[in-house]
Amino acid sequence: MEWTNETMVKEFVFLGFSSLVGLQRLLFAVFLLLYLFTLGTNAIIISTIVLDRALHSPMYFFLAVLSCSETCYTFVIVPKMLVDLLSQKKTISFLGCAIQMFTFLFLGCSHSFLLAAMGYDRYVAICNPLRYTVIMGHGVCMGLVAAACACGFTVAQVITSLVFHLPFHSSNHLHHFFCDISPVLKLASYHSRLSQMVIFTLGVFVLVIPLLLILVSYIHIISAILKIPSSVGRYKAFSTCASHLIVVTVHYGCASFIYLRPKSNYSSSQDTLISVSYTILTPLFNPMIYSLRNKEFKSALRKAMGQTLHPVS
């Protein structure tokens with residue numbers, strides 16, 4: 001074939017912020033502060049949930065897992081991006097790119113199924129409140145998280161294998177700041193329609209199936225809430241779901257824009273902007289949305305801070 005005499009790509013060069021050369025130091029400072037704040041916020045949320053027995057319930061268990069997932073998610077991408085903003089040579093090895101894509105997809109796909117599990121948790125809490133602790137036992141919660149991780153691992157393994165078994169002999173200039181699917185695929189010497197169809201189908205599976213499960217949960221939730229006679233009761237019931245709905249909207253809005261649009265609408269500059277939002281801003285805001293809207297968590301946080309600042313002698 002025509003590419004057999006060409007050199008195989010051994011590394012990729014990131015061009016995600018190449019058009020903002022004069023702003024890269026400023027971007028580094030801003031992104032570093034946001035990243036440190038994200039790590040600190042998630043660490044506080046996880047430690048508060050672990051230390052306060054009043055928060056040892058299924059809802060807070062899922063929140064702790066979400067915060068842990070968000071922390072790992074940013075760790076896969078942001079430190080490398082920060083280094084590249086200060087480096088002249090913004091490269092990543094072929095193997096490093098594959099590992100980054102696999103880990104990013106594993107965490108991202110697991111995140112989608114975790115949101116579906118959290119939707120089911122809210123369904124049980126509102127539609128079956130008397131049996132909530134029985135249905136959402138520790139084994140069930142662990143099983144839902146394990147299933148989310150298993151689905152994420154399988155999808156990430158298949159997509160990463162399909163992408164990195166393709167031949168890369170042409171340009172190694174990646175128009176992004178990390179190894180996402182579409183930018184890497186554009187550099188492949190060729191890719192079959194079968195590979196594209198499998199990747200797209202898996203993307204639909206990861207995004208559409210959990211979203212449908214969430215929608216079914218909320219159809220039952222809204223039906224149960226409308227049957228509550230008191231307006232105050234309806235408000236309290238819906239307020240426990242509002243945070244989850246906000247996070248679902250942000251997650252699926254960004255992910256659908258990136259992965260479910262036609263190939264002809266691909267724009268590297270748009271994708272870079274959207275990717276910055278869901279790799280830096282979303283992991284910061286998601287746990288905060290859940291925690292700061294919740295009176296029980298805020299009370300536990302004040303209690304934990306009080307014990308830290310004024311320990312009992």
Side-chain angles (χ1 to χ4, degrees), residues 9-44 67 69-105 107-108 111 163 168 170-187 246-247 249-261 263-289 292:
V9 170
K10 295 182 179 179
E11 66 178 16
F12 296 99
V13 180
F14 290 127
L15 301 178
F17 299 105
S18 58
S19 61
L20 302 171
V21 176
L23 296 175
Q24 289 191 9
R25 291 186 181 277
L26 176 61
L27 289 174
F28 171 84
V30 172
F31 291 159
L32 177 61
L33 288 174
L34 288 173
Y35 180 55
L36 293 176
F37 194 59
T38 300
L39 293 180
T41 303
N42 283 288
I44 289 171
S67 292
S69 172
E70 300 281 18
T71 302
C72 296
Y73 183 83
T74 58
F75 187 74
V76 173
I77 297 169
V78 179
K80 171 62 177 169
M81 182 189 71
L82 291 173
V83 171
D84 287 342
L85 283 170
L86 297 181
S87 304
Q88 293 295 322
K89 189 179 181 183
K90 311 175 193 301
T91 60
I92 188 171
S93 67
F94 189 85
L95 177 60
C97 190
I99 293 172
Q100 187 183 58
M101 180 182 289
F102 169 80
T103 313
F104 162 73
L105 289 174
L107 293 169
H111 187 89
V163 171
F168 292 87
S170 53
S171 172
N172 67 340
H173 289 172
L174 196 65
H175 290 274
H176 213 36
F177 59 90
F178 72 97
C179 294
D180 205 354
I181 301 170
S182 293
V184 174
L185 273 179
K186 284 176 68 71
L187 300 183
I246 294 170
V247 172
T249 301
V250 172
H251 173 77
Y252 285 100
C254 291
S256 299
F257 180 85
I258 295 288
Y259 299 108
L260 296 184
R261 66 179 177 200
K263 200 76 174 173
S264 59
N265 292 342
Y266 177 83
S267 168
S268 58
S269 59
Q270 283 181 326
D271 278 10
T272 298
L273 183 61
I274 295 295
S275 297
V276 166
S277 71
Y278 72 70
T279 55
I280 297 178
L281 299 179
T282 304
L284 170 63
F285 291 132
N286 281 359
M288 290 180 65
I289 289 169
L292 296 181

Please say whether more than 12 non-hydrogen atoms of neighbouring residues, nucleotides or ligands are located less than 6.0 Å from CZ in F28.
-> yes
Rounded distance [0.5 Å steps], CG in N42 versus OG1 in T74 | 7.5 Å
OG1 on T41 to CG on L34, rounded to 0.5 Å | 10.0 Å
Value for NE2 (H176) from CD1 (I181), rounded to nearest 0.5 Å, stands at 10.5 Å
Would you give the length of the straight line joining atom CD of Q24 to atom CG of L82, rounded to the nearest 0.5 angstrom?
-> 11.5 Å
Has the side chain of Q100 got a donor or acceptor atom that lies under 3.5 Å from a matching backbone atom of C179?
-> yes
At their closest point, which heavy atom of D180 faces which heavy atom of V184, and how far apart are they?
-> O-CG2, 3.2 Å
K90 side-chain N/O to F14 backbone N/O, donor-acceptor pair under 3.5 Å = no
Interatomic distance, L107 atom CG to Y73 atom OH [nearest 0.5 angstrom] | 8.5 Å
Heavy atoms only: give me the nearest V76-F104 pair and the separation to one decimal.
-> CG1-N, 4.1 Å
side-chain contact (heavy atoms from CB on, under 4.5 Å) between T38 and I280, intermediate numbers included = CA-CA 8 Å; T38 300; I280 297 178; 5.6 Å; no
Mind checking the OH-CE spacing from Y35 to M81? Nearest 0.5 Å is all I need.
-> 10.0 Å
Over all heavy atoms of both residues, which pair between H111 and S69 is shortest? Give the atoms and the distance, please.
-> ND1-OG, 4.2 Å
Which pair of non-hydrogen atoms, one from S93 and one from G96, has the smallest distance, and what is that distance?
-> OG-N, 2.9 Å
side-chain contact (heavy atoms from CB on, under 4.5 Å) evaluation trace for F177 with L85 = CA-CA 10 Å; F177 59 90; L85 283 170; over 6 Å; no
